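All residue numbers in this chain count up from 1 along the given sequence. Computed from heavy atoms alone, side chains included, the values below leave out hydrogens, waters and symmetry copies. These numbers were taken from a predicted model, which means no experiment stands behind them.
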Amino acid sequence: MRKKEELAGLSQLGKKSEYKFTYQKEILESFPNKHPGNDYMVTFECYEFTSICPITGQPDFATVYINYIPDKVMVESKSLKLYLFSFRNQGDFHEDCMNIIMKDLVSLMDPKYLEVIGMFTPRGGIAIYPFANYGRPGTEYETRAKERLFQSLSEQRERRVR
């Protein structure tokens, strides 16, 4: 059973979900990491991410992957789900959405490392896979983030060649 202190400040958990149809950064919530001394990766996979093209108004669909190494706090998953849903009517390009998500999560958690990958379904015969990442400045994670950024680009090119 969870201690009440652990759940303090979490307003979405256990309530009926209220979906917002406009971007809602403030819906994100965090809770204390019980293992801040350990480096471990947390992965989220959102199969039903939707946003709107700011030019055509057409819907864009993606699977969004969020990987992070937490420090003192972690993102609460229900609030993350509601936050990602809030992009439903957000008119931003794919690359903008992934960078906004990355920056909002960095602001919320101050993680050691974080990456956000959008695997958007093709429109007009072109699929777009934006990758945004962050490594805490002045640490080994900053170096790893730069390495991972270029590794990701190489992996994407290799996938296309096959």
Within the distance-only criterion (no hydrogens, no angle test), does the side chain of [X] pair as donor or acceptor with the backbone N or O of [Y] below 3.5 angstrom?
| X | Y | value |
| --- | --- | --- |
| Gln90 | Asp92 | no |
| Ser79 | Leu28 | no |
| Thr56 | Cys53 | no |

Would you say [X] and [Y] make side-chain contact, with heavy atoms under 4.5 Å?
| X | Y | value |
| --- | --- | --- |
| Cys97 | Ser51 | yes |
| Val64 | Met98 | yes |
| Thr50 | Glu48 | no |
| Val73 | Phe31 | no |
| Leu108 | Tyr83 | no |
| Met109 | Leu114 | yes |

Would Ser86 and Lys25 count as a side chain to side chain contact (heavy atoms under 4.5 Å, CB included) here? Give the steps.
CA-CA 9 Å; Ser86 80; Lys25 175 184 177 180; over 6 Å; no
Yes or no on salt bridge (Lys or Arg N to Asp or Glu O under 4.0 Å) for Arg136 and Glu142, after CA distance, side-chain angles and deciding distance?
CA-CA 5 Å; Arg136 185 177 288 156; Glu142 182 179 31; over 6 Å; no
Residues that Asp39 engages under salt bridge (charged side-chain N to carboxylate O under 4.0 Å, His left out), provided they are two or more places apart:
Lys112
Go through the structure and list residues passing salt bridge (charged side-chain N to carboxylate O under 4.0 Å, His left out) with Asp60, not counting sequence neighbours.
Arg123
Looking only at heavy atoms, which two atoms of [X] and [Y] are closest? And how far apart?
| X | Y | result |
| --- | --- | --- |
| Ile66 | Ile101 | CD1-CG2, 4.2 Å |
| Pro36 | Asp71 | CB-O, 3.4 Å |
| Pro130 | Glu95 | CB-CA, 3.9 Å |

All side chain to side chain donor-acceptor pair (under 3.5 Å) counterparts of Thr143, not counting sequence neighbours
none
For Glu115 and Phe131, run side chain to side chain contact (heavy atoms under 4.5 Å, CB included): C-alpha distance rounded to whole Å, both residues' side-chain angles, the deciding distance at 0.1 Å, then the answer.
CA-CA 7 Å; Glu115 63 185 32; Phe131 176 94; 3.5 Å; yes
ring-ring contact (aromatic ring centres under 6.0 Å, His included) contacts touching residues 91-117 (sequence neighbours left out)
His94-Phe120
Only pairs at least two apart or in different chains count here, so list each ring-ring contact (aromatic ring centres under 6.0 Å, His included) that has a residue in residues 47-78.
Phe49-Phe87
Show your reasoning for whether side chain to side chain contact (heavy atoms under 4.5 Å, CB included) applies to Val42 and Met74.
CA-CA 9 Å; Val42 177; Met74 303 173 73; 3.7 Å; yes
Interatomic distance, Leu82 atom CG to Ile27 atom CD1 [nearest 0.5 angstrom]
4.5 Å
Can you measure from CD1 (Ile100) to CG (Leu105) and round to the nearest 0.5 angstrom?
12.0 Å
Exceeds 12 heavy-atom contacts within 6.0 angstrom, atom CD of Glu26:
yes
Report the C-alpha separation of Tyr23 and Asn89 in whole Å, then their side-chain angles, then the decisive distance to 0.1 Å, and conclude whether the side chain to side chain contact (heavy atoms under 4.5 Å, CB included) test is met.
CA-CA 8 Å; Tyr23 169 71; Asn89 292 324; over 6 Å; no
Looking only at side chains, do Tyr40 and Asn33 share a donor and an acceptor under 3.5 Å apart?
yes
For Ile128, which fellow cluster members are found when Ile, Leu, Val, Met, Phe, Trp and Tyr are connected by side-chain heavy-atom distances below 4.5 angstrom, either directly or through intermediates?
Ile126
